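Take a look at the structure below.
It should be emphasised that the depicted structure is a prediction, and the values quoted were computed from it without experimental measurement. In this chain, residues are counted from 1 in sequence order.
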Amino acid sequence: MLVEITERAMAYCDKKDVLIVGGVGCNERLQDMMRTMCSERGGNLFATDDRYCIDNGAMIAYTGLLAFAHGLSTPMEESTFTQRFRTDEVLAVWRDRESSNMNNVIEEAC
């Protein structure tokens, strides 16, 4: 299912390469299936080292950095979590600003 959805997204976005990360990125069978699909589309699979696949902490931190750099913050006492939060429900305000340069966003936040 993940390979099929990824292939559809690649076709829709006109992309050839895939980066697989997170806990699911440790699955060697999934990596093989993605690699085959990418190869058939003329692309490549990039799988991170297992040391970086166990947790999405770096991606979560980077997303927080982007949100902070664009003026979003939540006071600690109002912070919560939703384990099954859908990624397509995230308010990604930094995506609305096509003219923004990612390097500038990172520099401003730091």
Side-chain angles (χ1 to χ4, degrees):
M1 182 182 288
L2 290 174
V3 175
E4 181 179 336
I5 291 168
T6 302
E7 185 173 21
R8 287 181 185 183
M10 291 168 68
Y12 181 78
C13 297
D14 195 30
K15 302 293 181 186
K16 294 185 180 200
D17 299 329
V18 171
L19 171 63
I20 189 168
V21 296
V24 74
C26 293
N27 186 313
E28 291 182 16
R29 176 66 179 130
L30 179 60
Q31 288 181 20
D32 290 340
M33 293 169 64
M34 284 284 191
R35 188 173 291 108
T36 299
M37 181 271 294
C38 289
S39 177
E40 290 172 353
R41 297 184 57 79
N44 296 294
L45 172 71
F46 298 94
T48 57
D49 184 291
D50 284 353
R51 294 174 296 172
Y52 306 108
C53 288
I54 296 169
D55 190 333
N56 287 334
M59 289 183 281
I60 293 167
Y62 185 67
T63 302
L65 175 64
L66 290 171
F68 180 77
H70 285 85
L72 293 179
S73 66
T74 302
M76 184 62 79
E77 58 276 1
E78 295 177 23
S79 296
T80 62
F81 67 90
T82 304
Q83 186 174 5
R84 301 203 185 280
F85 190 76
R86 293 181 50 94
T87 57
D88 60 348
E89 294 176 355
V90 174
L91 176 61
V93 295
W94 54 91
R95 302 270 323 217
D96 293 338
R97 300 179 185 181
E98 289 185 31
S99 61
S100 70
N101 180 332
M102 285 302 237
N103 291 330
N104 291 340
V105 170
I106 295 169
E107 289 173 13
E108 289 173 16
C110 295

- Query: Does Ser39 reach the main-chain N or O of Arg35 with its side chain, forming a donor-acceptor pair under 3.5 Å?
  - Reply: no

- Please answer whether the main-chain N or O of Asn44 pairs with a side-chain N or O of Asp17 as donor and acceptor at a distance below 3.5 Å. yes

- Arg41 and Lys16: side chain to side chain contact (heavy atoms under 4.5 Å, CB included), yes or no, with the steps? CA-CA 6 Å; Arg41 297 184 57 79; Lys16 294 185 180 200; 5.6 Å; no

- Message: Please give me the minimum heavy-atom distance between Gln31 and Ile20, naming the atom from each residue.
- Response: CG-CG2, 4.4 Å

- Nearest heavy-atom approach of Asn27 to Arg29 is OD1-N, 3.0 Å

- Less than 4.5 Å apart, any side-chain heavy atom of Leu30 and any of Val3? yes

- Sequence neighbours excluded, the answer for side chain to side chain contact (heavy atoms under 4.5 Å, CB included) partners of Glu77 is Pro75

- Message: Test side chain to side chain contact (heavy atoms under 4.5 Å, CB included) on Met37 and Met33; report intermediate values, then the result.
- Response: CA-CA 6 Å; Met37 181 271 294; Met33 293 169 64; over 6 Å; no

- Query: Cys38 versus Glu7: any side-chain heavy-atom pair under 4.5 Å?
  - Reply: no

